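Being a predicted model, the structure only gives us computed values, none of them experimental. For this chain, numbers begin at 1 and follow the sequence in order.
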Amino acid sequence: TDVRGDSIVAQVEVDPAAWSCEFENLAPGRVYRFEVVPKVRRGTAPVLPAVEGRTAAERPSAPENLLCQISGQRQLRATWSPPDHDGGTPVLGYDVRLYDAKQVHD
């Protein structure tokens with residue numbers, strides 16, 4: 001852990017001629033903080049200020065347990081459960097669509 005209490009997820013040694021580093025298989029929608037610490041033979045070198053980046057979020061799983069209930073003479077109510085997996089970003093709401101099925105079911 002560092003002085004902020006963050007855990008080091010990965011640390012790699014990079015060739016001095018390479019000015020980039022890519023980390024893979026990170027959690028979706030999560031904020032990570034990067035630090036670049038120069039390695040020198042004696043003493044310490046200045047450390048760049050840390051920067052933060054967020055990985056792209058995945059699509060959430062579908063809502064579950066969709067039910068349609070009669071709630072009045074001319075009313076229907078839809079109910080459901082939230083997705084099991086939010087994809088790394090909070091679900092901000094739902095678009096609920098009602099279609100005319102044009103069929104009579106017994």
Could you walk me through whether F23 and V9 pass side chain to side chain contact (heavy atoms under 4.5 Å, CB included), step by step?
-> CA-CA 10 Å; F23 294 95; V9 175; over 6 Å; no

Ignoring hydrogens and angles, tell me if any N or O in the side chain of [X] forms a donor-acceptor pair with the backbone of [Y] under 3.5 Å.
X: S61; Y: H85; value: yes
X: R54; Y: G29; value: yes
X: T55; Y: L26; value: no

Considering only heavy atoms from C-beta outward, does the side chain of V91 approach that of P83 to under 4.5 Å?
->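 They are in side-chain contact.
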
Hey, does W80 have a side-chain heavy atom less than 4.5 Å from the side chain of V96?
->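 Counting from C-beta outward, V96 and W80 do come under 4.5 Å.
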
Might you work through the side chain to side chain contact (heavy atoms under 4.5 Å, CB included) test for Q69 and T79, ending with a clear yes or no?
-> CA-CA 8 Å; Q69 301 167 326; T79 60; 4.2 Å; yes

Hydrophobic cluster membership, [X] vs [Y], 4.5 Å side-chain cutoff:
X: Y94; Y: L66; result: yes
X: Y32; Y: V14; result: yes
X: F34; Y: V47; result: no

Considering residues, nucleotides and ligands other than I70, do more than 12 of their heavy atoms fall under 6.0 Å from its CD1?
->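 For I70, atom CD1 is not crowded (no more than 12 foreign heavy atoms under 6.0 Å).
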
Other cluster members, Y99 - Ile/Leu/Val/Met/Phe/Trp/Tyr, side-chain contacts below 4.5 Å |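 Grouped by the 4.5 Å side-chain rule, Y99 forms a cluster of one, so the answer is none.
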
Identify, with sequence neighbours excluded, every residue that meets salt bridge (charged side-chain N to carboxylate O under 4.0 Å, His left out) alongside E64.
->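 Applying salt bridge (charged side-chain N to carboxylate O under 4.0 Å, His left out) to E64 gives none.
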
What closest approach, in Å, do P28 and G87 show between heavy atoms, and which atom pair accounts for it?
->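 Closest pair (atom of P28, atom of G87, distance): CB-O, 3.8 Å.
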
Taking 4.0 angstrom as the limit, do E35 and R33 come out as a salt bridge?
->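 So E35 pairs with R33 through a salt bridge.
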
What is the distance from atom [atom1] of [X] to atom [atom2] of [Y], rounded to the nearest 0.5 Å?
X: E13; Y: C21; atom1: CD; atom2: SG; answer: 11.0 Å
X: S81; Y: L67; atom1: OG; atom2: CG; answer: 8.0 Å
X: E58; Y: D86; atom1: CD; atom2: CG; answer: 10.0 Å

